[in-house]
Undergrad: 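Sending over a structure as C-alpha cells; questions will come in a sec.
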Amino acid sequence: MQTGSGCRARILLLGGTYEARMLAERIAREPDMEGLVSLAGRTNAPLSHDLPLRIGGFGGVDGLIRYLTASKISHVIDATHPFAAEISLNAQKASDFLGLPFLTFTRQPWRPVPGDRWVEVQDMVSAITALGVAPQRVFLGVGRQAAANFRHAPQHSYLLRIIDPPQNKELPLQCEIIVGRGPFALKDELALLQEHKINVVVSKNSGGEIGYTKIVAARELGLEVIMISPPKYQSKSVAYDYDTVMKFLAA
Ligand code: NAP
C-alpha cells in the first residue's frame with residue numbers, strides 16, 4: 001500500500017507501554033515508513049518517543065474512524081497495555097470499518113513457576129476478596145486507577161507504587177505512596193518488600209519484563225501474589241515480537 005506522502009506505510013501506533021516505545025524506534029529507522037504514537041494522556045510527563053506523539057482520547061470508535069481517515073493512516077498497531085481493553089476493541093472496530101490492516105502487539109501473560117505462591121483471580125473485586133478479612137500489609141502493583149477499588153477493604157494497609165503523585169483522594173485509607181517508573185532491579189524490589197514488611201502482593205498479570213521483578217522478589221521471599229488475569233479481549237491478529245510486527249508492516 002502506498003500512502004499519499006510516498007511512504008509505503010503511515011502507521012498509527014497506539015502506545016502507553018515500553019514495547020510501543022521500542023517499536024517506535026524500529027519504525028523510525030525505516031525510510032519507507034512514517035507514523036505517530038498515540039497516548040491516552042494518563043501520565044504528567046510522557047517519555048519521549050522516536051516518532052511524533054499525539055495525546056488524548058479519540059472519542060470512541062466514531063472519533064477514531066474520523067481520525068484515521070483525516071490522518072490518512074494506512075496501518076494500525078495496537079501496542080497498548082494488555083489491560084487497556086477499551087481502546088484495543090475500539091481500534092479493531094475502527095480498522096475493520098475502514099478495511100485497514102490491524103495488528104495487536106502484546107505480551108504473553110506470565111505463568112507461575114515452581115516456588116510461586118499465586119492466587120489467580122479474574123478481576124479487582126475477586127482480588128479484594130482474595131485478600132481475606134484479616135489485616136495484611138499489601139503491595140499494590142495495579143496502577144493508580146485500579147487502586148481506588150481497595151478502599152472497600154480498609155482493614156489492610158497498602159503500599160502503592162505509581163508513576164505520578166496522586167491527584168485524587170480516592171485511595172484506600174491506609175495507603176502509603178511511592179512514586180516510580182519501572183524497570184526496577186530485583187535487589188531493589190526485594191529491599192522494598194522487606195522494608196515495608198509486605199506479606200502479600202497484588203499484581204495485574206501484565207506479562208513482559210518490566211514488571212516481572214516484583215513477582216520474582218515475591219517468590220524469593222515466599223510471599224503470596226494475588227494475580228489478576230488480563231481482560232478476555234480477543235484480537236483477530238496478534239504478534240508477540242518486534243520482527244513479526246515489522247514484517248506485517250512491510251508486507
Ligand atoms: P482503556 O480503558 O482501554 O481506554 C479508555 C479510553 O482511553 C479509550 O476509550 C480512549 O478514549 C482512551 N485511550 C486509551 N489508550 C489510548 C491511547 N493509547 N491513545 C489515545 N487514547 C487512548 O485504557 P486504560 O486502561 O485507561 O489505559 C490508558 C493508557 O495507559 C493506554 O495507552 C495503555 O497502554 C496505558 N497503560 C495502561 C495500563 C493499565 O493497566 N490499564 C498500564 C500501563 C499503561 P476514546 O474512547 O476517547 O478514544
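For this chain, numbers begin at 1 and follow the sequence in order. Both counts, for ligands and for their atoms, begin at 1 and track the order of listing.
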Undergrad: May I ask whether Leu64 has any heavy atom positioned less than 4.0 angstrom from an atom of ligand 1?
TA: no
Undergrad: Report, in ascending order of atom number, the atoms of ligand 1 lying under 4.0 Å from any heavy atom of Arg54.
TA: 20 (C)
Undergrad: Please list the nearest protein heavy atom to atom 11 (O) of ligand 1 with its residue and the distance rounded to 0.1 Å.
TA: Gly57 CA, 3.7 Å
Undergrad: The criterion is side chain to side chain donor-acceptor pair (under 3.5 Å); which residues satisfy it with Arg26, sequence neighbours excluded?
TA: Asp243
Undergrad: Does any N or O in the side chain of Glu224 come within less than 3.5 Å of the main-chain N or O of Leu131, such that one atom is a donor and the other an acceptor?
TA: no
Undergrad: Go through ligand 1 atom by atom and flag the ones less than 4.0 Å from a non-hydrogen atom of Gly15.
TA: 18 (N), 31 (C), 32 (O), 33 (C), 34 (O)
Undergrad: Which ligand 1 atoms are under 4.0 Å away from a heavy-atom of Ala85?
TA: 3 (O)
Undergrad: Just distances here: any N/O of Val142 and N/O of ligand 1 closer than 3.5 Å?
TA: no
Undergrad: Within the 4.0 Å heavy-atom shell around Ser38, which atoms of ligand 1 are there?
TA: 17 (C), 18 (N), 19 (N), 20 (C)
Undergrad: In the protein, what heavy atom is nearest to atom 1 (P) of ligand 1, and what distance, to one decimal place, separates them?
TA: Glu86 CB, 3.8 Å
Undergrad: How far is atom 22 (C) of ligand 1 from its nearest protein heavy atom, and which residue and atom is that?
TA: Ala40 CB, 3.6 Å
Undergrad: Among protein heavy atoms, which sits nearest to atom 37 (C) of ligand 1, and what does the distance come to when rounded to 0.1 Å?
TA: His81 CB, 3.4 Å
Undergrad: For atom 47 (O) of ligand 1, what's the nearest protein heavy-atom neighbour? Residue, atom name and distance, please.
TA: Gly59 N, 2.9 Å
Undergrad: Would you say Arg10 and Ser74 are linked by a side-chain donor-acceptor pair, where the criterion is simply a distance under 3.5 Å?
TA: no
Undergrad: Tell me which pairs pass ring-ring contact (aromatic ring centres under 6.0 Å, His included) where either residue lies in residues 197-231, with sequence neighbours left out.
TA: Trp110-Tyr212
Undergrad: Check whether any N or O atom of Lys204, backbone or side chain, sits under 3.5 Å from an N or O atom of ligand 1, and answer yes or no.
TA: yes
Undergrad: Starting from atom 35 (C) of ligand 1, locate the nearest protein heavy atom and write down its residue, its atom name and how far away it is, to 0.1 Å.
TA: Gly16 O, 3.7 Å
Undergrad: For ligand 1, which atoms have a heavy atom of Ala84 less than 4.0 angstrom away?
TA: 3 (O), 23 (O), 24 (P), 25 (O), 27 (O), 33 (C)
Undergrad: Using distance alone, decide if ligand 1 has a nitrogen or oxygen within less than 3.5 Å of any nitrogen or oxygen in Leu14.
TA: no
